[in-house]
Amino acid sequence: MRVLVTGGAGFIGSTTAEMLLDLGHDVVALDNLVRGRRDNVPGRATFVEGDYGDVRLIRSLGAFDACLHFGARIEPAESMTYPETFFANNVAQSLAMLEALIATGTEKVVFSSSCAVYGNQVLMPIDESRATGPASPYGQSKLMVEQSLSWMAARGRLRYASLRYFNAAGGTLAHPEQHSPEIHLIPLAMDAAMGRREVLSIFGTDYPTIDGTCVRDYIHVTDLADAHVRAIEALDKHSELTVNLGTGTGSSILQVIDSVQRVTGRQVPVRAAERRPGDPAEAVASNILAREILGWAPQKSLLDNIVADAWVAHQTI
Ligand SMILES: NC(=O)c1ccc[n+]([C@@H]2O[C@H](COP(=O)([O-])OP(=O)(O)OC[C@H]3O[C@@H](n4cnc5c(N)ncnc54)[C@H](O)[C@@H]3O)[C@@H](O)[C@H]2O)c1
């Protein structure tokens, strides 16, 4: 297959591109490097630097068997301050790209959606039938693209899978988790354990959870990558899919910190901080649909395994 991977210089896009290449597919990795790193793009991929919303650029690349659309601005807290940036980049540019992809004859799109489309939910785990209600412009931007894709599929213009990831984590030696700015718990905790940052802030310690800290469902990035390969295949049979990707098990921030301390044998200095706007108390996925439709199950996503892989990969940064 010839596959377009937007956000191919980012964490999940580069890992998935590597898996596709290992499986013998051709990959064109597109990224404007606003957040990604050029050296993260697999050497075997063709790299194109630019915006995925650049219609002329997308048309010039010709038809693909599938587009995996990872590219996005991903910081929910920043989206609370600059919603316009997130709607322009994540929605307007995505819609321009989809129009260009349709025009060039690309039929399959796998979209990186997020548990952020669910917003604040009380009952866990969350399945795909739950009413959406994003609590941030970031989550809203993901939902708006999902809804647009749904109309395009309903009118026979394309086939798509919306994969609602919960918390991507872990990493591989070639593609460690590294965001700029870093906003994710595990790399931040490791930096604190290594003395690269003074202290790890815990945003909110009075949530109605097991220990007062936020609970999230951490999923290994290679399990996510595997689900994308399966989603491309599933689109032979389905024209429209919306599927959660998570483990079904939640871990609190304190439990993750415990795991980091256990795996690394180092202390993580912490301090309690105010809650951040837009952070739900809990987000844990039901993955029954992913198991049924994609034949997928997490293989590497036990918390200590995620942290162990992340720790090895983190040494290379
Ligand atoms: N990391 C997570 O836990 C998580 C959870 C749920 C959903 N997601 C989604 O998964 C996708 C990938 O996330 P990630 O963690 O790899 O993030 P990332 O920031 O590492 O990767 C995103 C990439 O998109 C690129 N990009 C942004 N806007 C672009 C544009 N207009 N044109 C071209 N390239 C552009 C960035 O430079 C970056 O390399 C995102 O869509 C994100 O919303 C991530």
Side-chain angles (χ1 to χ4, degrees), residues 1-33 35-36 40-42 44-54 57-58 61-74 89-91 93-102 104-114 141-142 145-146 148-150 152-153 158-165 168 172 174-175 219-236 238-245 290 293-294 296:
M1 285 189 297
R2 183 171 185 255
V3 183
L4 176 63
V5 175
T6 75
F11 174 46
I12 311 171
S14 62
T15 309
T16 308
E18 199 81 63
M19 188 176 283
L20 287 166
L21 290 157
D22 287 344
L23 292 169
H25 303 297
D26 291 331
V27 171
V28 175
L30 171 67
D31 204 297
N32 63 7
L33 303 181
R35 286 292 184 269
N40 213 12
V41 178
R44 294 170 291 167
T46 304
F47 178 60
V48 177
E49 183 172 345
D51 283 327
Y52 53 72
D54 180 341
L57 175 63
I58 297 294
L61 299 175
F64 292 91
D65 296 295
C67 167
L68 304 189
H69 184 28
F70 296 96
R73 289 293 303 277
I74 68 162
N89 192 70
N90 295 1
V91 183
Q93 284 213 35
S94 292
L95 299 187
M97 178 186 77
L98 291 170
E99 190 183 15
L101 287 176
I102 291 170
T104 55
T106 300
E107 279 183 12
K108 293 179 176 178
V109 175
V110 180
F111 175 55
S112 298
S113 190
S114 166
S141 76
K142 292 288 170 185
V145 175
E146 281 197 4
S148 305
L149 282 165
S150 178
M152 292 176 207
L158 50 66
R159 313 166 79 80
Y160 81 97
S162 233
L163 302 182
R164 294 176 171 170
Y165 322 153
T172 58
H175 306 285
I219 178 87
H220 199 295
V221 65
T222 56
D223 282 334
L224 287 182
D226 173 43
H228 286 74
V229 177
R230 291 166 185 271
I232 298 173
E233 283 166 17
L235 288 178
D236 288 335
H238 302 267
S239 59
E240 183 169 3
L241 289 174
T242 300
V243 177
N244 287 344
L245 294 177
I293 293 195
L294 303 181
W296 172 88

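Using a 4.5 Å heavy-atom cutoff, the side chains of R44 and V27 are not in contact. Inter-residue side-chain proximity for M1 and I232 is flagged as met; some heavy-atom pair is nearer than 4.5 Å. Residues L235 and V110 are in side-chain contact: their nearest non-hydrogen atoms beyond the backbone lie under 4.5 Å apart. Side-chain atoms of R2 and T46, non-hydrogen and from C-beta on, never get closer than 4.5 Å to each other. With contacts defined as side-chain heavy-atom distances shorter than 4.5 Å, the pair L149/L158 qualifies. Y160 is not listed as a side-chain neighbour of K108, based on a closest heavy-atom distance of 4.5 Å or more.
Ring pair Y165/H228: centre-to-centre distance below 6.0 Å.
Using modelled atom types, no side-chain atom of S239 and backbone atom of A153 make a donor-acceptor pair closer than 3.5 Å. When atom types are taken as modelled, the side chain of D51 and the backbone of N32 share no donor-acceptor pair closer than 3.5 angstrom. Not a single donor-acceptor pair under 3.5 Å links the side chain of S150 to the backbone N or O of E146. A side-chain donor-acceptor contact under 3.5 Å links Y52 to the backbone of N89. In this structure, N40 contributes its side chain and G10 its backbone to a donor-acceptor pair below 3.5 Å. The closest donor-acceptor contact from the side chain of H69 to the backbone of F111 lies at 3.5 Å or more, if one exists at all.
Summarising the local packing, CD of E240 is surrounded by more than 12 heavy atoms from other residues, nucleotides or ligands at distances under 6.0 Å.
Note: L241 CG to S162 OG = 9.5 Å, rounded to the nearest 0.5 Å. One finds the OG1 atom of T16 at 11.0 Å from the CG atom of L21 (value rounded to the nearest 0.5 Å). Once rounded to the nearest 0.5 Å, the distance linking NE2 of H175 with OG of S14 reads 4.5 Å. Here the straight-line distance linking atom CD1 of I58 with atom CD1 of I102 works out to 12.5 Å at 0.5 Å rounding. Here the CG-CD distance, from L57 to E49, works out to 10.5 Å after rounding to the nearest 0.5 Å.
Between L30 and G50, the closest heavy-atom pair is CD1-O, 3.7 Å. Closest approach of A45 and A29 over heavy atoms only: CB-CB, 4.4 Å. Nearest heavy-atom pair across S141 and N90 is OG-ND2, 3.2 Å. Annotation for T104 and A63: closest pair O-CB, 3.2 Å, computed over non-hydrogen atoms. Taking each heavy atom of Q93 and G53 in turn, the nearest pair found is OE1-N, 2.8 Å. Of all the heavy atoms in D31 and G8, the pair that sits closest is OD2-N, 3.5 Å.
Of the listed residues (T6, L20, L4), just one forms a side-chain contact (heavy atoms from CB on, under 4.5 Å) with L68, and that residue is L20.
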For this session: Test W296 against L245 for side-chain contact (heavy atoms from CB on, under 4.5 Å), laying out the working first.
Result: CA-CA 9 Å; W296 172 88; L245 294 177; 4.0 Å; yes

For this session: For the pair L33 and F47, evaluate side-chain contact (heavy atoms from CB on, under 4.5 Å) and give the outcome as yes or no after the intermediate values.
Result: CA-CA 11 Å; L33 303 181; F47 178 60; 3.9 Å; yes

Exercise. Does the pair C67 and M97 meet the rule for a side-chain contact (heavy atoms from CB on, under 4.5 Å), with working shown?
Worked result: CA-CA 10 Å; C67 167; M97 178 186 77; 4.0 Å; yes

Exercise. How far apart are the C-alpha atoms of I293 and H238, what are their side-chain angles, what is the distance that settles it, and do they pass the side-chain contact (heavy atoms from CB on, under 4.5 Å) test?
Worked result: CA-CA 9 Å; I293 293 195; H238 302 267; 4.0 Å; yes

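Using a 4.0 Å cut-off between charged nitrogen and carboxylate oxygen, R159 and D236 do not count as a salt-bridge pair.
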